[in-house]
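Below, chains carry the letters A, B, ... as their sequence lines are ordered, and counting in each starts from 1.
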Amino acid sequence: MGVKLVMKGFDSMLDKIKAASGDIDSAAKECAVKTGEILREEYKNAIVSSGVSPSLANRMPANRVIQESPNKTRVEVGYPVGSYNPNNPSDAFIAMFLNYGTPRISPRGFLPTAKKKAAPKAKAEQKKVLEEILGELE
Amino acid sequence: MILDKLYEVLNTYSIPVYLQGSLGKDEPYPENFITYFIEDSEGNVFYDNEPNETDWVINIVYYTHDINLIKDFIPQLINDLKINKFKVIGKGFLTPSDEPSCVGWILPTIYLENN
């Protein structure tokens, strides 16, 4: 004996998902951008808190937002690397030497400090963005 | 103790091992050497407000004046660390040093210790 299962209500849910699909891309992008802003702020704070001159933090450029594809956004935080000049190291290498240390320089460890402090703030902001944009999907 | 376990692994290669940042300003770099720095430790798996595990976060760096040595030594080091329960995050990355002729390969590593 067979059993027939009838499930209703999926059409309207699928319509909502379809309508939200464009918003999901923009929600994801906004999450990435805002997370990058939070991380940049904590990175600068952590550099100064570790005893490094504020001038290095003040020279940190704005985040770079790269749209790799319609639904893939990359946000670069911190100093662009470039090539290494030992006579005039760029800010990226100064930050790297200070964060990880060298055999002659004790590490300051401001990168992990920044990530730790940024994580809960980024999570809260992402939740807020997703609720605002995708709230209709409940 | 984490330092004992770390020394046990790092001292098997017959090259000097230093705490990162401990070399003097005018002290010359050896041909090949390793540095380490314990970056952080975090308690995990709490019971009765006490952690049953500790995650140690350690940066291990291999420095050399011959960049060609990196491609053979680093996989061996990663494997030996793994055998001794040090988990390397990814495969590490290259870094210059404050001596132009010397390069380093940083291995961010985690050791999970049962308390």
Side-chain angles (χ1 to χ4, degrees), chain A residues 35 39 42-53 55-57 59-60 64 74-123, chain B residues 6 10 15-44 54-65 67 70 74 88-90 92-111:
Chain A
T35 299
L39 187 55
E42 292 302 335
Y43 191 3
K44 288 173 66 176
N45 292 341
I47 286 174
V48 175
S49 299
S50 73
V52 175
S53 165
S55 61
L56 179 63
R59 292 197 300 269
M60 189 180 296
R64 281 84 60 204
R74 188 173 85 240
V75 179
E76 294 179 350
V77 182
Y79 308 92
V81 177
S83 55
Y84 177 58
N85 179 352
N87 296 318
N88 187 23
S90 67
D91 284 343
F93 289 105
I94 293 173
M96 186 182 235
F97 288 158
L98 290 171
N99 180 68
Y100 292 103
T102 72
R104 298 195 182 107
I105 301 173
S106 284
R108 304 296 178 101
F110 42 75
L111 262 180
T113 300
K115 285 180 193 173
K116 242 185 189 176
K117 290 205 167 170
K121 292 182 184 179
K123 190 175 170 183
Chain B
L6 190 59
L10 299 183
I15 60 175
V17 177
Y18 303 107
L19 176 68
Q20 183 75 319
S22 65
L23 264 74
K25 189 181 162 196
D26 297 315
E27 200 172 339
Y29 285 1
E31 274 304 302
N32 307 290
F33 61 105
I34 292 172
T35 69
Y36 68 91
F37 192 80
I38 298 181
E39 189 177 272
D40 200 3
S41 66
E42 249 187 72
N44 271 324
T54 301
D55 283 353
W56 295 93
V57 183
I58 307 156
N59 282 327
I60 298 168
V61 193
Y62 170 63
Y63 287 99
T64 179
H65 286 84
I67 195 170
I70 286 178
I74 290 301
V88 176
I89 302 167
F93 53 95
L94 192 66
T95 179
S97 78
D98 42 10
E99 282 286 324
S101 60
C102 189
V103 294
W105 193 272
I106 300 178
L107 294 176
T109 308
I110 290 181
Y111 183 86

Which one, A/P112, A/P107, A/S106, leads in non-hydrogen pairs under 4.5 Å with chain B? A/P107
Measure centre to centre between the rings of B/Y36 and B/Y62, then say whether the value is under 6.0 Å. no
Leading residue by heavy atom contact count with chain B [cutoff under 4.5 Å; candidates A/P86, A/G109, A/P89, A/G101]: A/G101
Is A/R74 salt-bridged to A/E76, going by a charged N under 4.0 Å from an acidic O? yes
Interface moiety of B/Y63 toward chain A, non-hydrogen atoms closer than 4.5 Å: side chain
Does atom CG of B/L94 have more than 12 heavy-atom neighbours from other groups under 6.0 Å away? yes
Taking NZ, NE, NH1 and NH2 as the nitrogens, is one of them in B/E99 or A/R104 under 4.0 Å from a carboxylate oxygen of the other? yes
Side chain / backbone / both / neither for B/E39 at chain A, heavy atoms under 4.5 Å: side chain
Would you say B/D55's side chain and B/E42's backbone share a donor-acceptor pair under 3.5 angstrom? no
Could you tell me which portion of A/F97 (side chain, backbone, both or neither) has an atom closer than 4.5 angstrom to a non-hydrogen atom of chain B? side chain
Counting heavy-atom pairs under 4.5 Å to chain A, which of B/C102, B/P108, B/G24 comes out on top? B/G24
